[in-house]
Engineer: 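Just passing along the structure, written as structure tokens.
Small disclaimer: the values here were computed from a predicted structure and weren't measured. So you know, we letter chains A, B, ... as the sequences are listed, proteins then strands, and number each from 1.
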Amino acid sequence: MKQHEDVCSIVEELKRLYPDGLCSLQYPKPYELLFAVRLAAQCTDERVNMVTPALFARFPTLESLAEADVSEVEQYIHSTGFFRAKARDIVAASRMMLEEYGGRVPDTMEELLKLPGVGRKTANLILGDVYHTPGVVVADTHCIRITGRLGLTDGTKDPVKVEQQLRQVLPPEESNDFCHRMVLHGRAVCMARKPDCANCTLRPWCDFYTKS
DNA sequence: ATCCCGAGGG
DNA sequence: CCCTCTGGAT
């Protein structure tokens, strides 16, 4: 599929392109990051960052979110889309974290997935960014698309398969940052509709460019 | 019409 | 595997 040397070149070039600013969703409290990621479903991070300041000012603690009126939460997050499900999940997950996890965000995939509205993508992001778990792969839409184009995966869109395939080629201590760089690269250069290959320095190692 | 750092349910 | 949930941007 892909030579180890090529993978290293891709990893190093991405580090050069995106040395820092690894996550555009940055929140002081783990549960705030969790809910920001939930809100980011089918919505840009930019828009999420527009609604969260007011939301977390109105509901400044996990307890206040657990007791919140769902319809009031809906108003704060309306513009992020899917607002009914998201609001319901935020309140329900707050209650579960208080009642079953001592008011903390869980640190295992199994427990994270029990929280309403938390799927693999959100769980992996928490495991990587909050708990710094080695070998975490966040297979979101950008990661799946770009690694598929590069040829780091076989082109599958199944997130679990992408996770597995990337874990086999990426150094465990690099995988989380690599995924964040996929997001940055996906927004700036390797867009879904019209990838800007002319301005992409990953060209030498990219199947999508080389074979088209 | 298609996409945005998805998740849940059938 | 499929579908639905939803608003906003391009």
Engineer: Reckon A/Arg145 touches a base, only the sugar-phosphate, or nothing at all at heavy-atom distances under 4.0 Å?
Structural biologist: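 Answer is sugar-phosphate: A/Arg145 comes under 4.0 Å of backbone atoms only.
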Engineer: Quick check on B/dC4: is either OP1 or OP2 less than 4.0 Å from any side-chain nitrogen or oxygen of A/Thr141?
Structural biologist: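 So the side chain of A/Thr141 is within the cut-off, an N or O lying under 4.0 Å from OP1 or OP2 of B/dC4.
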Engineer: Check the phosphate of B/dA7 against A/Thr122, side-chain N and O only, distance under 4.0 Å to OP1 or OP2. Yes or no?
Structural biologist: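 Checking B/dA7 against A/Thr122, a side-chain N or O does come within under 4.0 Å of OP1 or OP2.
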Engineer: Scan A/Arg47 against the nucleic acid and name what it touches under 4.0 Å (heavy atoms): base, sugar-phosphate only, or nothing.
Structural biologist: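 Since only primed, P, OP1 and OP2 atoms lie under 4.0 Å of A/Arg47, the category is sugar-phosphate.
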Engineer: Select base, sugar-phosphate, or nothing to describe what A/His180 touches, counting heavy atoms under 4.0 Å on all strands.
Structural biologist: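 If one applies the 4.0 Å heavy-atom cut-off, A/His180 turns out to touch a base.
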Engineer: Could you state the CZ-C1' distance from A/Phe83 to C/dG8, rounded to the nearest angstrom?
Structural biologist: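 Going from CZ in A/Phe83 over to C1' in C/dG8 covers 13 Å.
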Engineer: Reckon A/Leu115 touches a base, only the sugar-phosphate, or nothing at all at heavy-atom distances under 4.0 Å?
Structural biologist: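 Sugar-phosphate contact only.
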Engineer: Centre of A/Tyr18's six-membered ring, under 6.0 Å away, within 45 degrees of the axis: is that where NZ or CZ of A/Arg181 sits?
Structural biologist: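 Judged by the rule, A/Arg181 and A/Tyr18 form no cation-pi pair.
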Engineer: A/Leu25 or A/Pro116: which one's nearest nucleotide on DNA chain B is closer to the 5' end?
Structural biologist: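 In this pair, the answer is A/Leu25.
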Engineer: B/dA7 phosphate, OP1 or OP2: any side-chain N/O from A/Arg38 under 4.0 angstrom?
Structural biologist: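 No, outside the criterion.
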Engineer: Quick check on DNA chain B: between A/Glu46 and A/Leu113, whose nearest nucleotide comes earlier from the 5' end?
Structural biologist: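 Looking at the nearest nucleotide for each, A/Glu46 comes out on the 5' side.
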Engineer: So what does A/Gly119 touch, heavy atoms closer than 4.0 Å: a base, only the sugar-phosphate, or nothing?
Structural biologist: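 Sugar-phosphate only.
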Engineer: Quick one: is B/dC5 close enough that its OP1 or OP2 comes under 4.0 Å of any side-chain N or O from A/Arg187?
Structural biologist: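 Yes, within the criterion.
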Engineer: Answer yes or no: is there an ion pair linking A/Asp177 with A/Lys15, defined by an N-O contact shorter than 4.0 Å?
Structural biologist: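 Looking at A/Asp177 and A/Lys15, the cut-off is not met.
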Engineer: Does A/Phe82 reach a base, just sugar-phosphate, or nothing at all? Heavy atoms under 4.0 Å.
Structural biologist: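 Base, at least one base heavy atom under 4.0 Å.
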Engineer: Is it true that the side chains of A/Asn49 and A/Tyr27 contain a donor and an acceptor less than 3.5 Å apart?
Structural biologist: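 Distance-only check passes for A/Asn49 and A/Tyr27.
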Engineer: Considering only NZ, NE, NH1 and NH2 on the basic side and carboxylate oxygens on the acidic side, decide whether A/Lys114 and A/Glu111 come within less than 4.0 Å.
Structural biologist: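 A salt bridge is absent here (no side-chain N lies under 4.0 Å from a carboxylate O).
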